[in-house]
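Here the structure comes first, spelled out in structure tokens, and everything after it is commentary.
In this chain, numbering begins with 1 at the start of the sequence shown.
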Amino acid sequence: MHCKPSGTAASYKGRFVPSSFFTAHFKGVSVSLDNYKSMLRRLTANLGDSFMSLTMNRRGFLASTAGFIALHPFSANAATNQAHLRIMETTDLHVHVFPYDYYADRPRDTVGLARTAALINDIRAEASNSLLIDNGDFLQGNPMGDYIAYERGMKEGDLHPVIEAMNTLGFDASTLGNHEFNYGLDFLMKSLAGADFPIVSANVVKEMGSDPTKDVTLIPPYAIMDHKVTDGAGVEHGIKVGLIGFVPPQIMNWDRRHLEGNVQARDILEVARAYIPQMKEEGADVIIALSHSGIGAANETDGMENASVPLAGLDGVDAILTGHSHLVFPSPAYTDFAGVDVGAGTINGTPATMGGFWGSHMGLIDLLLEKDGNEWRVVTTESEARPISKRNEDRSITALVESDAAVLASVQQEHDETLAYVRRAVGKTDAPLHSYFALVADDPSVQIVSIAQKWYIEEMLKGTEHEGLPILSAAAPFKAGGRGGPEYYTDVPSGDVAIKNVADLYLYPNTARAVRVTGQQLKDWLERSAGMFNQVDPGAQDVVLLNPDFPSYNFDVIDGVQYQIDLSQPSKFAPKGELVNPDANRIVNLTYGGKPVDMDAEFIIATNNYRASGGGNFPGADNETIVFEGPDTNRDVIVRYIVEQGTISPRADSNWSFLPLDKTTVLFDTGPAAKSYMEDVDLNIEEAGEGPDGFARFRISL
């Protein structure tokens with residue numbers, strides 16, 4: 001028996017339904033605990049030993065893993081002409097059906113629709129009436145999606161694996177997310193054709209009309225489903241549930257090459273205001289907004305990407321499913337957002353949910369509906385998001401559910417084919433990609449990330465007000481020893497590059513961003529990075545070079561400019577980014593195009609969402625300077641770049657170096673395998689024995 005998590009407003013009051021064995025619930029009848037225990041004893045006598053592990057929990061409910069499910073209070077307490085409708089949401093699945101990280105090539109307990117599916121039967125059993133809806137971004141986002149798009153392809157009549165998994169689970173509806181367009185319209189439409197459920201999206205338009213209701217949309221803008229609900233007296237009623245979908249209009253920038261000249265995207269709120277009254281006129285009793293749009297600002301602006309807050313406030317919206325942001329609602333992440341009530345699980349008074357990403361959570365909205373004459377109205381609501389795993393105090397992960405065997409089986413072939421795909425080369429490198437010297441010299445593993453980011457941002461900014469500004473690229477070495485140990489380095493030899501190798505180049509699922517900064521902010525960004533190094537007095541011998549309190553992921557190298565680092569100067573910033581020496585100038589000879597950088601000039605820097613939003617406290621990267629928020633992960637950008645190039649040549653161009661200090665040496669510890677690459681590094685370097693904890697030590701003459 002599964003009991004509702006603590007902290008919810010309602011209680012169960014002893015009403016239960018055995019899952020898979022009973023089809024009726026206790027219609028408003030109070031059942032004493034003694035009578036219920038007696039009933040269970042009779043059941044277990046008939047059903048065998050599998051139901052004998054009954055325990056009493058602190059609320060006085062019988063609890064068991066044997067399959068007994070406690071009804072939600074809305075179902076248990078519904079009166080005549082009252083019905084409980086449960087809305088289950090997945091969002092941002094990004095083709096994660098298996099609980100598997102294809103980049104790292106190992107299982108992962110925090111992801112996978114097959115894991116989320118394990119929640120569905122219990123969640124359905126807790127409610128007398130339910131709908132299962134996906135909120136978009138299901139078609140792209142991991143190597144399985146790339147395998148289908150780039151390798152296997154989609155012919156007429158083919159079934160996409162994520163659609164097959166969703167069919168297996170009996171989804172009732174879905175909408176489009178921005179990533180559905182990444183592989184082009186032909187691929188999208190062939191994929192959607194296999195769905196056994198309606199897919200709606202109101203603001204992607206093939207032909208514009210005089211108003212949105214006159215548009216010719218790419219797919220149906222909304223659906224009105226004839227649904228059956230059972231009320232508290234056991235009487236079945238018909239109810240018309242309206243579903244309308246929305247996608248960020250920024251798809252026209254993000255996927256311009258696929259969409260320009262084929263479709264247009266309208267403003268989300270403009271479209272909603274046009275269609276919702278029409279849906280009401282057509283008989284929709286309840287309207288659910290499928291908003292593949294984040295929870296953002298409360299004040300409406302034209303063309304909002306994250307429009308869910310004002311959307312939730314529109315008349316006629318009874319519930320809103322949100323997504324796109326890869327976060328969880330309700331959760332403390334949205335505590336300080338205007339118009340949002342985390343405790344009540346509402347946005348502008350409308351029940352809302354966001355079910356994380358990659359199957360990490362099942363979003364839930366519970367509506368208690370009451371029929372008054374021929375109309376239904378919402379009496380009260382609850383919202384939550386149920387996880388498939390939990391993080392322990394020691395940072396380990398515990399899976400809370402096992403995978404649904406039917407879902408795994410539905411895509412087993414594609415999973416096996418994807419494993420072969422990620423283990424196979426997608427391109428070649430004619431130079432080794434390693435990070436052994438990434439903290440002391442320009443480095444090929446960082447270089448390829450920078451090149452790919454710049455390539456991507458150049459394309460994304462075409463046709464915008466920022467086109468024509470110098471585009472630089474900031475990247476840091478993620479695997480560079482430190483607490484990870486002497487083997488914790490990127491090391492991809494020359495030759496084939498497999499998709500899983502990209503995980504070595506870029507550890508985190510960050511998304512691409514671009515910021516617009518001044519020359520002064522650019523210089524201070526580099527000053528912040530230069531905190532990696534201890535201060536070195538000219539003429540000193542064998543000074544330990546690296547500051548152990550400075551993480552390698554904050555050592556940004558900026559490609560596109562040339563500069564030197566003067567180690568004789570103190571660091572301008574402390575390891576966490578605090579300004580400690582305002583007059584310090586470690587960054588010297590900073591040039592762009594062979595000329596000194598003008599401190600008032602403006603530059604675009606390609607980076608990631610963590611850095612651009614203030615991660616690491618870098619000058620010029622504070623969330624206010626962002627001019628582009630990409631829909632793609634930096635990993636995906638690197639993979640696409642390698643696929644397009646075929647063979648990459650990621651040789652370091654030595655755009656940065658240490659300012660020479662006469663008769664000065666420093667010591668640097670790195671992995672023992674670095675010895676194989678010493679001759680490729682533009683440094684005066686020699687072996688200097690063994691370092692601590694298995695590291696190798698090198699001496700650099702400055």
What do you reckon, are the aromatic ring centroids of [X] and [Y] less than 6.0 Å apart?
X: His326; Y: His94; answer: yes
X: Tyr102; Y: Tyr147; answer: no
X: Phe618; Y: Phe573; answer: no
X: Trp358; Y: Tyr100; answer: no

Quick check for you: to the nearest 0.5 Å, what is the distance between [X] atom [atom1] and [Y] atom [atom2]?
X: Asn510; Y: Asn634; atom1: CG; atom2: CG; result: 5.5 Å
X: Arg106; Y: Asp101; atom1: CZ; atom2: CG; result: 6.0 Å
X: Ile604; Y: Ser473; atom1: CD1; atom2: OG; result: 12.0 Å
X: Glu393; Y: Arg391; atom1: CD; atom2: CZ; result: 13.0 Å
X: Leu526; Y: Ile587; atom1: CG; atom2: CD1; result: 5.0 Å
X: Thr398; Y: Ile388; atom1: OG1; atom2: CD1; result: 12.5 Å

Side chains of [X] and [Y]: does their closest heavy-atom pair fall under 4.5 Å?
X: Ile397; Y: Asn392; value: no
X: Ser293; Y: Ser308; value: yes
X: Ser291; Y: Ile268; value: no
X: Phe533; Y: Phe555; value: yes
X: Tyr183; Y: Leu188; value: no
X: His324; Y: Asn306; value: yes
X: Phe337; Y: Val309; value: no
X: Lys572; Y: Leu579; value: yes

Which residues pass the side-chain contact (heavy atoms from CB on, under 4.5 Å) test with [X], not counting sequence neighbours?
X: Ser654; answer: Asp682
X: Val204; answer: Phe181, Ser201, Leu218, Val247, Ile251, Val263
X: Arg424; answer: Glu151, Tyr421

Check: Between Gly294 and Ser325, what is the shortest heavy-atom contact and its length?
Finding: CA-OG, 3.3 Å
Got a salt bridge between [X] and [Y], using NZ or NE/NH1/NH2 to carboxylate O under 4.0 Å?
X: Asp632; Y: Arg640; result: yes
X: Glu458; Y: Lys462; result: no
X: Asp109; Y: Arg115; result: yes
X: Lys428; Y: Asp496; result: yes
X: Asp566; Y: Arg586; result: no

Mark yes or no for whether [X], through its side chain, and [Y], through its backbone, hold a donor-acceptor pair below 3.5 Å.
X: Ser529; Y: Asp556; result: yes
X: Glu305; Y: Pro248; result: no
X: Ser450; Y: Ala474; result: no
X: Asn608; Y: Arg611; result: yes
X: Gln521; Y: Pro619; result: no
X: His434; Y: Ala674; result: no
X: Glu89; Y: Gly355; result: yes
X: Asn554; Y: Met532; result: no
X: His96; Y: Leu93; result: yes

Notebook entry, point to check: Do Arg108 and Thr110 pass the side chain to side chain donor-acceptor pair (under 3.5 Å) test, and can you show the C-alpha distance, the side-chain angles, and the key distance before you say yes or no?
Noted result: CA-CA 6 Å; Arg108 183 174 176 180; Thr110 60; 2.9 Å; yes
Checklist line | Test ring pair (Phe, Tyr, Trp, His ring centres under 6.0 Å) applied to Tyr610 - qualifying residues, sequence neighbours left out | finding: none
Checklist line | Partner set under ring pair (Phe, Tyr, Trp, His ring centres under 6.0 Å) for Phe138, not counting sequence neighbours | finding: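 Listed in chain order: nothing, the list is empty.
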Note to self: Under the criterion ring-ring contact (aromatic ring centres under 6.0 Å, His included), I'd like the reasoning laid out for His292 against Phe246: C-alpha separation, chi angles, the key distance, then a yes or no.
What the structure shows: CA-CA 6 Å; His292 190 83; Phe246 306 98; over 10 Å; no
Next item on the list: Sort out for me which residue in Phe478, Tyr641, Tyr553 forms a ring-ring contact (aromatic ring centres under 6.0 Å, His included) with Tyr506.
Entry: Phe478
Check: More than 12 foreign heavy atoms under 6.0 Å from CD of Glu260: is that the case here?
Finding: no
Margin query: List the residues meeting salt bridge (Lys or Arg N to Asp or Glu O under 4.0 Å) with Asp559, not counting sequence neighbours, and say none if there are none.
Written below: none
Next item on the list: Kindly assign one of parallel, tilted or perpendicular to the pair His415 and Phe98, based on the angle between their ring planes and the thresholds 30° and 60°.
Entry: parallel
